[in-house]
**Q** 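So that we are looking at the same thing, I have put the structure below in structure tokens.
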Amino acid sequence: MVPMPDSVSRELNTAIFKFFWKGKPDLVSRSTIAQHPFLGGLSVVSIGSKAQALLAQWVKRWSLNPGPWSTLMSFWFTSLFRSSPFEVFSCPFAFAPERLPPFYHALLLAWRSLEGAFCASRASLVIGTFSGLEVSPLSEVSAKSCYLFLLSKHHTSPHCVSKFRAQFGPLYWSSTWQSLSFFPLDRPVFDVAWKIGHGVLYTADRLVSFGYNVPPLCLCGLASETLPHLFFACPLAQSVLSWLQSLMVTASPLCPSLLCRHVLFGFSPDELHCVPRIFVYLLNVCKFYIWHARNDFRFRDVPPSALDLIASVRARVRFHLPLFFRRFHSIRRRRYFLRQWCARGVIASLQQDRLLIHL
């Protein structure tokens with residue numbers, strides 16, 4: 001019954017994102033971070049939307065199961081608006097919420113945010129009447145569905161969509177984000193690939209654009225350290241990608257030749273029909289260790305080695321793949337694992353329910 005003050009909402013948001021970014025500046029907008037991972041976000045809670053979704057449940061309670069408390073709502077709406085709660089919720093934009101006490105003021109604002117109104121065709125109060133999104137009767141909505149509606153209503157394309165359009169043209173962003181979730185066990189690898197996709201990794205080129213005085217050249221010394229050069233054109237990256245390409249061709253001749261867009265943004269939906277999922281994970285692991293080799297060279301003067309990098313990739317896959325295999329119990333699921341994660345024997349094979357890694 002106590003609405004959340006704006007100051008509390010701001011304080012909670014500050015605490016959440018300070019923890020999320022480990023006290024460092026935000027790299028991606030908060031509205032994007034709150035979205036589903038398939039939309040480029042990480043499902044971090046949006047405090048304002050969550051509070052509004054919870055407030056709106058009082059409208060549902062009033063409509064479906066009014067109790068003695070509803071007489072107080074009727075009193076305020078009748079005395080201030082000379083209208084019943086049904087009339088107010090049927091046309092919420094016709095009434096001034098600032099005239100109401102704090103709780104009912106916040107409740108009416110939340111109902112407006114959800115685009116609540118009366119729908120004659122459904123003979124019911126509904127949400128989503130103006131935005132063109134799906135209209136839902138009040139009896140079918142929950143706090144979760146209201147929250148998801150508010151997220152979809154406030155959804156904007158991540159900055160990376162326009163940032164990379166000039167260089168790579170329109171990309172397959174939904175496939176980019178979905179493919180990151182193929183292997184959920186290895187979070188550090190996911191984080192680096194996610195930052196590369198959003199274009200927020202702190203490469204030398206990006207730091208120089210911020211005004212920092214850092215050496216601009218890549219570890220190879222041949223060009224500026226940009227995302228395309230570091231992860232694709234650099235001789236170190238080319239050596240590792242050539243090794244990965246040979247594995248892909250061995251597994252399936254239909255696998256595409258690795259391009260810069262594959263390295264930075266993954267494979268398109270059509271290409272994923274030909275590429276076993278293990279290679280999506282392997283590509284992300286290669287990027288993870290290229291980034292580590294870059295940091296070792298810049299901050300610890302450790303010379304890069306393609307052989308050491310490939311050995312690190314192999315060791316990481318040997319450790320994580322058996323752990324992932326434990327999730328596949330049925331015969332049908334293990335056939336899928338053999339096809340997608342073993343690459344039909346190129347990466348691994350099954351022998352008497354045991355996973356043998358050949359990498």
Side-chain angles (χ1 to χ4, degrees), residues 3-55 110 113 143-164 171 173-207 209-212 214 227 230-231 264-266 280-281 284-285 287-292 294-295 298-299 316 320:
M4 182 180 292
D6 290 339
S7 59
V8 174
S9 178
R10 288 193 296 270
E11 187 175 351
L12 283 172
N13 269 322
T14 299
I16 288 172
F17 285 97
K18 185 177 181 180
F19 170 79
F20 181 82
W21 293 113
K22 299 180 180 179
K24 299 176 182 178
D26 293 9
L27 298 180
V28 180
S29 69
R30 294 181 177 183
S31 59
T32 297
I33 295 294
Q35 297 295 329
H36 191 275
F38 286 4
L39 297 174
L42 292 173
S43 294
V44 175
V45 65
S46 171
I47 294 296
S49 297
K50 180 70 73 174
Q52 289 183 327
L54 292 171
L55 274 172
S113 296
K144 181 178 180 179
S145 62
C146 289
Y147 177 71
L148 294 177
F149 172 82
L150 290 171
L151 286 185
S152 62
K153 178 182 175 183
H154 300 142
H155 171 65
T156 57
S157 296
H159 177 65
C160 57
V161 175
S162 58
K163 178 178 181 178
F164 292 113
L171 290 164
W173 289 107
S174 60
S175 177
T176 298
W177 308 129
Q178 290 180 34
S179 62
L180 291 181
S181 64
F182 286 170
F183 197 87
L185 298 183
D186 204 346
R187 189 69 194 194
V189 169
F190 171 95
D191 288 343
V192 171
W194 184 84
K195 289 179 180 179
I196 292 172
H198 277 285
V200 297
L201 211 61
Y202 283 133
T203 58
D205 179 73
R206 192 160 187 260
L207 292 173
S209 70
F210 293 157
Y212 288 95
V214 297
L227 284 176
L230 176 62
F231 292 101
L264 298 184
F265 313 109
V280 178
Y281 173 60
N284 289 333
V285 176
K287 293 187 290 185
F288 175 79
Y289 280 112
I290 290 172
W291 181 243
H292 269 254
R294 174 264 190 194
N295 292 335
R298 278 190 173 263
F299 305 119
R316 198 175 192 92
H320 282 97

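Because the structure is predicted, anything quoted here is derived from the model rather than measured.
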**Q** Relative to Tyr147, does Lys50 satisfy both conditions: NZ or CZ under 6.0 angstrom from the six-membered ring centre, and within 45 degrees of the ring's axis?
**A** yes

**Q** Taking all non-hydrogen atoms of both residues into account, name the closest pair between Ser113 and Leu150 and its distance.
**A** O-CD2, 3.7 Å

**Q** Apply side-chain hydrogen bond (donor to acceptor under 3.5 Å, both in side chains) to Ser49 and list each qualifying residue two or more places apart in sequence or on a separate chain.
**A** Ser46

**Q** If you take all heavy atoms of Ala143 and Ala53, which pair is closest and at what distance?
**A** O-CB, 3.5 Å

**Q** Taking all non-hydrogen atoms of both residues, which atom of Gln35 and which atom of Leu151 are closest, and how far apart?
**A** NE2-O, 3.1 Å

**Q** Kindly list each side-chain donor-acceptor pair under 3.5 angstrom involving residues 3-21, sequence neighbours excluded, with atom names and distances?
**A**
unit_1: Asn13; atom_1: ND2; unit_2: Ser9; atom_2: O; d: 3.4
unit_1: Thr14; atom_1: OG1; unit_2: Arg10; atom_2: O; d: 2.9
unit_1: Trp21; atom_1: NE1; unit_2: Asp26; atom_2: OD1; d: 3.4

**Q** List for me each residue that meets side-chain hydrogen bond (donor to acceptor under 3.5 Å, both in side chains) alongside Ser31, sequence neighbours excluded, and say none if there are none.
**A** Ser29

**Q** Only counting residues at least two apart or in another chain, list the ones meeting side-chain hydrogen bond (donor to acceptor under 3.5 Å, both in side chains) with Asn295.
**A** none

**Q** List the residues meeting ring-ring contact (aromatic ring centres under 6.0 Å, His included) with His36, not counting sequence neighbours, and say none if there are none.
**A** Phe38

**Q** How would you list, by chain and number, every residue that makes a side-chain contact (heavy atoms from CB on, under 4.5 Å) with Pro184, sequence neighbours excluded?
**A** Phe324, Arg327

**Q** Can you list the residues that meet the salt bridge (Lys or Arg N to Asp or Glu O under 4.0 Å) rule with Asp205, with sequence neighbours excluded?
**A** none

**Q** List the atom of Tyr202, the atom of Trp291, and the distance in Å for their closest heavy-atom pair.
**A** O-CH2, 3.5 Å

**Q** Can you confirm whether or not the ring centre of His198 sits under 6.0 Å from the ring centre of Trp173?
**A** no

**Q** Can you name the ring-ring contact (aromatic ring centres under 6.0 Å, His included) partners of His292, sequence neighbours left out?
**A** Phe288

**Q** With sequence neighbours left out, write down each residue that passes side-chain hydrogen bond (donor to acceptor under 3.5 Å, both in side chains) with Arg316, or none if nothing qualifies.
**A** Asp186, Tyr289

**Q** Considering residues at least two apart in sequence or located in another chain, which fulfil the salt bridge (Lys or Arg N to Asp or Glu O under 4.0 Å) criterion with Arg206?
**A** none

**Q** One pair to check against side chain to side chain contact (heavy atoms under 4.5 Å, CB included): Asn284 and Leu180. What are the steps and the verdict?
**A** CA-CA 8 Å; Asn284 289 333; Leu180 291 181; 3.9 Å; yes

**Q** Apply side chain to side chain contact (heavy atoms under 4.5 Å, CB included) to Leu185 and Phe190, showing your working.
**A** CA-CA 9 Å; Leu185 298 183; Phe190 171 95; over 6 Å; no

**Q** Phe183 vs Tyr281 aromatic rings, parallel, tilted or perpendicular, using cut-offs 30° and 60°?
**A** parallel

**Q** Can you name the nearest heavy-atom pair linking Ile33 to Trp194, along with the distance?
**A** CD1-CH2, 3.4 Å

**Q** So, Arg187 and Asp191, do they make that salt bridge, N to O below 4.0 Å?
**A** yes

**Q** How about Phe299: does its CZ atom have over 12 heavy atoms from other parts shown lying under 6.0 Å from it?
**A** yes

**Q** Which residues pass the side-chain contact (heavy atoms from CB on, under 4.5 Å) test with Lys24, not counting sequence neighbours?
**A** none

**Q** Using the test ring-ring contact (aromatic ring centres under 6.0 Å, His included), find all partners of Phe164 that sit at least two apart in sequence or belong to another chain.
**A** Phe265

